[in-house]
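Please read the structure below before turning to the comments.
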Number of protein chains: 2
Amino acid sequence: METNALPANILDPDCPSRVIFQRIGDKWASLVVQVLAAGPVRFSELRKMVHVVTPKVLTQTLRTLERDGLITRTVYAQVPPRVDYELSELGASLLEPLTLLRQWAEDHVPSILEARDAYDDAQDAGILNP
Amino acid sequence: METNALPANILDPDCPSRVIFQRIGDKWASLVVQVLAAGPVRFSELRKMVHVVTPKVLTQTLRTLERDGLITRTVYAQVPPRVDYELSELGASLLEPLTLLRQWAEDHVPSILEARDAYDDAQDAGILNP
DNA sequence: TGCATTGGTTTCCATGAGGTAACTAAGTTC
DNA sequence: GAACTTAGTTACCTCATGGAAACCAATGCA
């Protein structure tokens, strides 16, 4: 029983709950999840929508997401081949917290840019008048 | 005016809303933010709580968070020095979506581990009976 | 005088994530 | 039979991130 309210588990490097933060932190994974929010998308479409990702890296990303059960991969026996990627139930459940984070990011972009400007100005002033 | 509901902005590599995802994705930043949820913490304490991070990397992380206005840095004129790091109002507002994401991660760890096992088993079977 | 404390900085190094470019499979159409 | 399509794979390379270890500044204290 934990006696304090700190997120001790996530601070534990061995706790598996860190995997999701690694997943979110992945350069492409969270983008893919959000693109798939609209429904199943095939490989080549995904490439276009996620804007200039190389096939190698996209494949890696998709395989990892599939392995973690966040997306499903459906191969159609056609030529040329057709492969659809779709959010699983688990992946869809991630959409809600992810969207909130995206909302936060979009809402606070001005504040962050402002803070950066202020910080950089202070730095410059400090260099000129130490 | 966007005609669809897709998160087109975040898919745009030039949109600044990506900065927050990079910030979250940072190996230590989101951990620091969650540690600071409990109140101001000084450098050496932070090092212990975030479990084996080198001072160089912790400094980098803190500087970036400070520059983005998520935390404040307070130096006390003492010897030996004392520096407190604390969430700003902006940083505190990130806590809510971040906590939801952490909740999700903690709640779904079993599902993800299960999915991994199933995936790996399927892979092994595929290798044995191709 | 010299050692301890805190909050860093600096230099060097290894790893790995991601990018580039070329290639492949397999059937369909020209 | 040559070319086109999709969905990748493979080999190679580069650069940024993060880690290790040593060092430093300022002062109180023994």
Side-chain angles (χ1 to χ4, degrees), chain A residues 11 13-14 18-19 21-32 35-36 40-68 71-86 119 122-123 126-127 130, chain B residues 11 13-14 18-19 21-32 35-36 40-68 71-86 119 122-123 126-127 130:
Chain A
L11 296 179
D14 298 328
R18 277 209 178 179
V19 302
F21 279 88
Q22 291 167 5
R23 208 51 78 247
I24 303 298
D26 184 274
K27 193 172 177 185
W28 302 110
S30 58
L31 264 56
V32 166
V35 166
L36 294 186
V41 180
R42 52 196 298 193
F43 190 82
S44 52
E45 285 302 309
L46 216 40
R47 271 197 75 185
K48 288 173 203 155
M49 296 174 76
V50 181
H51 206 257
V52 208
V53 56
T54 61
K56 191 192 79 170
V57 174
L58 183 56
T59 303
Q60 285 174 355
T61 305
L62 292 169
R63 289 288 181 280
T64 308
L65 288 172
E66 190 192 357
R67 191 171 104 100
D68 283 352
I71 65 173
T72 60
R73 180 171 177 271
T74 311
V75 183
Y76 296 94
Q78 303 177 355
V79 170
R82 175 205 176 103
V83 178
D84 273 8
Y85 292 93
E86 193 173 4
Y119 184 90
Q123 285 300 98
I127 289 164
Chain B
L11 296 180
D14 297 328
R18 276 209 177 177
V19 302
F21 279 88
Q22 290 166 6
R23 208 52 77 246
I24 304 298
D26 184 273
K27 193 172 178 184
W28 302 109
S30 59
L31 263 58
V32 166
V35 167
L36 294 186
V41 180
R42 52 195 300 193
F43 191 83
S44 52
E45 285 302 308
L46 215 41
R47 270 197 76 184
K48 289 173 203 155
M49 296 175 76
V50 181
H51 206 257
V52 208
V53 57
T54 60
K56 191 193 79 169
V57 173
L58 183 56
T59 303
Q60 285 174 353
T61 304
L62 292 169
R63 289 289 181 281
T64 308
L65 288 172
E66 190 193 358
R67 191 170 103 100
D68 284 352
I71 65 174
T72 60
R73 179 172 178 271
T74 310
V75 182
Y76 296 93
Q78 303 177 356
V79 169
R82 175 207 177 102
V83 179
D84 272 9
Y85 292 93
E86 193 172 5
Y119 185 90
Q123 284 300 98
I127 288 164

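In what follows, every chain begins at residue 1, and chains take the letters A, B, ... in the order their sequences are listed.
When rounded to the nearest whole Å, the span between CZ of A:Arg23 and P of C:dA17 equals 11 Å. B:Gln78 has its CD atom 12 Å from the C1' atom of C:dT5, to the nearest Å. For A:Lys48 and D:dA7, the NZ to C1' distance is 13 Å, given to the nearest whole Å. Going from atom CG of B:Leu58 over to atom C1' of C:dT9 covers 13 Å, rounded to whole Å.
Among all heavy-atom pairs drawn from B:Val41 and B:Met49, the shortest one is CG1-SD, 4.2 Å.
Take A:Pro81 and apply the side chain to side chain contact (heavy atoms under 4.5 Å, CB included) test, not counting sequence neighbours, and it matches no residue. Among residues two or more places apart in sequence or in another chain, the side chain to side chain contact (heavy atoms under 4.5 Å, CB included) test is passed with B:Pro55 by B:Phe43, B:Arg47. Under the rule for a salt bridge (Lys or Arg N to Asp or Glu O under 4.0 Å), B:Glu86 has no partner lying at least two apart in sequence or in another chain.
In this structure, B:Leu58 CG and B:Leu31 CG are separated by 11.0 Å, a value rounded to the nearest 0.5 Å. Atom CG of B:Leu62 sits about 5.5 Å away from atom CG of B:Leu46, to the nearest 0.5 Å.
The side chain of B:Ser44 contributes an N or O atom lying less than 4.0 Å from OP1 or OP2 of C:dG7. OP1 or OP2 of C:dT6 has not a single side-chain nitrogen or oxygen of B:Arg42 nearer than 4.0 Å.
The list of side chain to side chain donor-acceptor pair (under 3.5 Å) pairs with a residue in residues 73-83 of chain B, not counting sequence neighbours, reads B:Arg73-B:Tyr85, B:Arg82-B:Asp84. Listed by first and then second residue, the side chain to side chain donor-acceptor pair (under 3.5 Å) pairs that reach into residues 54-66 of chain B come to none, sequence neighbours excluded.
With pairs defined as Watson-Crick or G-U wobble and both atom distances under 3.5 Å, the stems of at least three pairs that touch DNA chain D come out as C:1-30 with D:1-30.
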Per-nucleotide protein contact string for nucleotides 8-30 of chain D, where B marks a base within reach and S marks sugar-phosphate only (heavy atoms under 4.0 Å, - for neither): SBBB------BBB------B---
